[in-house]
Every structure is written in structure tokens, then in C-alpha cells.
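Atoms considered below: every heavy atom in the structure, side chains included; atoms not considered: hydrogens, waters and symmetry mates.
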Number of protein chains: 2
Amino acid sequence: MSDQLLSLSKTLTDNGHRLTTARQVILETLVTCGGHLSADDLAAKVRDAAPRVGRMTVYRTLDLLCELGMIRPIYQGTGAAHYILMDEGSHHHLICNRCGLVIEFDECMSSEVGQALSQRFNFKIQSHLLEFHGLCDHCQKL
Amino acid sequence: MSDQLLSLSKTLTDNGHRLTTARQVILETLVTCGGHLSADDLAAKVRDAAPRVGRMTVYRTLDLLCELGMIRPIYQGTGAAHYILMDEGSHHHLICNRCGLVIEFDECMSSEVGQALSQRFNFKIQSHLLEFHGLCDHCQKL
DNA sequence: GCAGATAATGATATAAATTATCAATATGGC
DNA sequence: GCCATATTGATAATTTATATCATTATCTGC
Ligand SMILES: [Mn+2]
Ligand SMILES: [Mn+2]
Ligand SMILES: [Zn+2]
Ligand SMILES: [Zn+2]
């Protein structure tokens with residue numbers, strides 16, 4: 001069991017939620033896949049490992065994880081929400097407006113800005129998402 | 001007709017798309033409302049001004065505006081996509097993970113990072129979105 | 001370890017949001 | 001104004017998301 005999985009599980013129990021087998025499998029699948037899945041995509045993968053887990057439980061678990069700030073829904077081409085992991089505190093993308101290509105990157109200087117905002121609005125920051133949008137190498141040449 | 005509306009219209013024609021009356025009304029409504037609308041919300045408002053504009057046209061226009069980088073779909077509580085205006089080059093949010101409150105802010109230091117990424121990946125940046133997620137003043141006290 | 005209170009589940013039904021089709025129409029270039 | 005064709009909108013189909021509720025599993029306290 002990975003550290004990340006342990007940490008996510010702990011966040012659940014720390015907030016008074018039960019660590020059910022369904023939730024365990026869902027978390028494990030989510031971590032293994034590295035996120036970027038839709039609810040139904042995830043439900044399908046989860047059912048490979050645990051066929052008894054219902055689709056509703058996946059939807060509800062995703063909602064719960066969102067509320068706890070562990071994941072975040074974003075658009076990724078299709079009409080369905082895709083969920084990215086937020087437990088590391090940040091997530092960064094370059095996204096092509098034409099073909100939908102997603103490039104991940106790490107560096108970012110949002111901490112200072114966050115600090116200031118946190119005070120101004122008395123807002124407790126748990127994570128951030130930074131996305132640059134534009135045209136990828138390939139799509140610029142079309 | 002606002003400068004913003006003119007600029008958006010120009011982007012359409014500059015990219016070889018027709019400036020139809022439907023698109024004009026859609027853009028105008030979008031700008032007037034300041035974005036943050038779902039496709040169906042927008043369709044309803046559009047039909048107040050122009051009853052003949054069909055829902056499909058709104059969906060398709062929103063897709064087109066996304067592809068041109070003028071707007072961007074994000075999640076805002078409900079299952080439907082909400083569209084934010086991106087033509088100013090950036091958009092910044094503080095979002096409460098519990099109640100969904102959205103606070104807008106202006107300052108940000110993403111330009112330098114963007115510059116570096118742009119070169120590294122040969123990616124033409126058109127805009128960026130920065131979101132901080134956490135708990136608002138009110139929800140921290142629950 | 002067991003019982004009880006209750007959070008959580010999952011089968012089912014319903015609603016909401018998105019996408020596909022295609023004949024009719026409006027648009028911009030000439 | 002004419003024409004080629006991009007765009008539209010009515011309709012239908014599909015995909016996503018939400019609501020219900022009886023049943024089950026989890027945790028707490030003993
Ligand atoms: Mn990612
Ligand atoms: Mn906004
Ligand atoms: Zn691309
Ligand atoms: Zn809140």
C-alpha cells in the first residue's frame with residue numbers, strides 16, 4: 001500500500017468517514033491510474049477488481065473526495081467530468097485548445113500569491129490548479 | 001457595442017468563421033452576463049433576446065469559442081459545464097471545496113513560468129487559469 | 001468479540017446534459 | 001444578386017448525473 005493511498009485513506013477517516021471496502025478499491029484504482037478518469041471510466045476499472053461495487057458508489061465517493069479537496073473535476077474533451085488528484089497540493093497543465101493534448105509540468109510560483117489571498121479573504125487554501133491554454137506544437141502548424 | 005464584444009467578434013471572423021446573427025446574440029449575452037453560465041443557462045438567456053436561436057447552436061458556438069481559446073469550461077457545483085471568459089488572457093479563482101463559493105481575484109505571477117514552458121514545449125500560450133481550492137471563511141467554522 | 005446506531009451501499013428509476021443527423025437556411029465572396 | 005457552402009435548428013438518441021429506498025456493512029462502546 002503506497003504512502004499516497006495511506007494518506008488519502010487517513011484523510012477520509014480523519015474527517016469522520018468510514019473506510020469501506022468500496023472506497024478502498026476506488027481510491028486504489030484512482031491512485032494506480034494517476035487520475036484523469038471520468039466517473040464511468042473509473043467505475044469500469046473498479047469493477048474489474050471488485051465487481052460488486054455499484055456505479056452510484058463511485059459517483060458518491062468522487063463527490064466526497066472533491067468535498068475533502070482530494071480530487072478535482074476538470075474538462076478533458078468529452079462532456080463527462082474527469083478527476084485529477086489534488087492531494088499533493090497542486091496540479092499543473094498545459095492544454096491545447098484545438099486537440100485537447102494535456103502536458104503536465106511541475107514548477108509554479110503560486111505560493112506567494114496564495115499566501116496573500118489566504119489572508120485577504122480568510123480562505124484556507126488546500127491546493128491549487130494552474131493551467132495554460134493555447135496551441136500545442138502540432139496544432140500550431142495546421 | 002463594447003470593445004470586448006468587438007474583439008471577440010473579430011477573433012471569429014479572423015479565423016474564417018461567419019459572424020451569424022445567432023453567434024452575435026450568443027456572444028453579446030455571454031459578455032453581458034460575464035460568463036460563468038452553463039450551456040442551457042445561456043441558451044435560455046439568448047432566447048429572451050432571440051427566440052429563434054436553437055439550443056444546438058449555443059452548444060456548437062460554445063465549442064467553437066473554446067477551440068479558439070475565447071472561453072473555457074469549468075465545473076461549478078452542478079454536473080453541467082460552466083463557461084468562463086478567457087479573452088483577457090487569464091482568469092483567477094478561489095473556490096470553496098465545501099460550498100462552491102467562487103471568489104475572483106486579479107493578481108498572479110504566472111507570466112514567467114508560462115514563458116519558460118512556452119519555450120520548453122514549443123507551446124503557444126493564449127491564456128491561463130489559476131484556481132486555489134480550500135475552505136472559505138464561512139465553511140471553516142462549520 | 002458482540003450489539004446497536006447509523007453511515008454507506010447498490011439496484012432501480014428519473015432527470016439532466018451532451019451529441020448525432022439532416023434537410024432547410026443564411027452568410028460572405030464574387 | 002448569385003452561388004458554394006458554412007451554419008442552423010428541429011428531432012432523436014446517447015451519455016452523464018441525480019434521486020429513492022430497502023438492505024448491508026462499519027464503527028463505537030461495551
Ligand atoms: Mn494532470
Ligand atoms: Mn470567474
Ligand atoms: Zn494540439
Ligand atoms: Zn464555503
Let's go through B:L8 and B:L30 carefully: what are the C-alpha distance in whole Å and the side-chain angles of both, what is the deciding distance for side-chain contact (heavy atoms from CB on, under 4.5 Å) to 0.1 Å, and is it a yes or a no?
CA-CA 11 Å; B:L8 289 168; B:L30 202 49; over 6 Å; no
Quick check: do B:T57 and B:R60 have side-chain heavy atoms less than 4.5 Å from each other?
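Yes; the side chains approach each other to less than 4.5 Å.
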Would you tabulate the side-chain donor-acceptor contacts of residues 134-142 of chain B under 3.5 Å, counting partners in other chains and residues two or more places apart, or write 'none'?
residue: B:D137; atom: OD1; partner: A:N122; partner atom: ND2; Å: 2.2
residue: B:D137; atom: OD1; partner: B:K141; partner atom: NZ; Å: 3.3
residue: B:D137; atom: OD2; partner: B:K141; partner atom: NZ; Å: 3.4
residue: B:Q140; atom: NE2; partner: A:N122; partner atom: O; Å: 2.9
residue: B:Q140; atom: NE2; partner: B:L135; partner atom: O; Å: 3.1

Which residues pass the salt bridge (Lys or Arg N to Asp or Glu O under 4.0 Å) test with B:E107, sequence neighbours left out?
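With neighbours one apart ignored, the set is A:R120.
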Pair listing, side-chain hydrogen bond (donor to acceptor under 3.5 Å, both in side chains) test, anchored in residues 78-89 of chain B, at least two apart:
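Non-adjacent pairs meeting side-chain hydrogen bond (donor to acceptor under 3.5 Å, both in side chains): B:Q4-B:D87.
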Please check if any side-chain donor atom of B:E131 sits under 3.5 Å from a side-chain acceptor atom of A:H128, or the reverse.
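Per modelled atom types, B:E131 and A:H128 side chains form no pair under 3.5 Å.
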Do we see a donor-acceptor contact under 3.5 Å between the side chains of B:H92 and B:E104?
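The answer is no; no qualifying pair exists.
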Qualifying salt bridge (charged side-chain N to carboxylate O under 4.0 Å, His left out) pairs, either residue in residues 34-52 of chain A, two or more places apart
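Of all non-adjacent pairs touching residues 34-52 of chain A, none passes salt bridge (charged side-chain N to carboxylate O under 4.0 Å, His left out).
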N/O donor to acceptor pairs below 3.5 angstrom from side-chain atoms of residues 66-74 of chain B, sequence neighbours left out:
residue: B:E67; atom: OE2; partner: A:R98; partner atom: NH1; Å: 3.4
residue: B:R72; atom: NE; partner: A:H133; partner atom: NE2; Å: 3.4
residue: B:R72; atom: NH1; partner: A:N97; partner atom: OD1; Å: 3.2

Once you build an axis from the first five pairs and another from the last five of the helix from C:dG1-D:dC30 to C:dC30-D:dG1, how far apart in angle are they, to 10 degrees?
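Taking the rotation axis at each end, their angle is 70°.
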[X] has an atom [atom1]; how far is it from atom [atom2] of [N], in whole Å?
X	N	atom1	atom2	value
B:R23	D:dA6	CZ	P	11 Å
A:D41	D:dA17	CG	P	10 Å
B:H82	D:dA17	NE2	C1'	13 Å
A:L42	D:dT16	CG	P	14 Å

Nearest-nucleotide comparison on DNA chain C, the residue closer to the 5′ end among B:M56 and B:A80:
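Checking each residue's closest nucleotide, the 5'-ward one belongs to B:A80.
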Does anyone know the first and last nucleotide of DNA chain C in reach of chain A, 5' to 3', at under 4.0 angstrom to a heavy atom?
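Going 5' to 3' along DNA chain C, contacts run C:dT6 to C:dT19.
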Co-members of the apolar cluster containing A:F123 [side chain, <4.5 Å]:
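For the cluster that includes A:F123, the remaining residues are A:L94, A:L101, A:I103, A:F105, A:M109, A:V113, A:L117, A:F121, A:I125, A:L130, A:F132, B:L94, B:L101, B:I103, B:F105, B:M109, B:V113, B:L117, B:F121, B:F123, B:I125, B:L130, B:F132.
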Supply the members, apart from B:I95, of the Ile/Leu/Val/Met/Phe/Trp/Tyr cluster built from side-chain contacts under 4.5 Å; use none for a lone residue.
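Taking Ile, Leu, Val, Met, Phe, Trp and Tyr as members, B:I95 shares its hydrophobic cluster with B:V102.
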List the steps, then state whether side-chain contact (heavy atoms from CB on, under 4.5 Å) holds for A:S2 with A:V31.
CA-CA 9 Å; A:S2 74; A:V31 169; 4.3 Å; yes
When you measure from every atom of DNA chain D, which of residues 63-78 of chain B have a heavy atom less than 4.0 Å away?
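Heavy-atom cutoff 4.0 Å gives B:Y75.
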For DNA chain C, what residues of residues 24-36 of chain B have any heavy atom nearer than 4.0 Å?
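Residues of residues 24-36 of chain B under 4.0 Å from DNA chain C: none.
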Protein within reach of the bases, or only the backbone? For nucleotides 23-30 of chain D, mark each nucleotide 5' to 3' as B, S or -, using heavy atoms under 4.0 Å.
--BBS---
Between D:dT7 and B:R60, is there an OP1 or OP2 to side-chain N/O distance shorter than 4.0 Å?
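Checking B:R60 against D:dT7: no side-chain N or O falls below 4.0 Å of OP1 or OP2.
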State the OG1-NZ distance between A:T13 and A:K10, to the nearest 0.5 angstrom.
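Output value for this atom pair is 6.5 Å.
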Just verifying a value: how many Å separate A:H36 NE2 and A:L42 CG, rounded to the nearest 0.5 Å?
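Rounded to the nearest 0.5 Å, the NE2-CG separation comes out at 13.5 Å.
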Are the side chain of A:S7 and the backbone N or O of A:D3 linked by a donor-acceptor pair below 3.5 Å?
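Looks like no, no N/O pair under 3.5 Å.
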Tell me whether the rings of B:Y75 and A:Y75 are parallel (<30°), tilted (30 to 60°) or perpendicular (>60°).
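If you compare the ring of B:Y75 with that of A:Y75, the planes turn out parallel.
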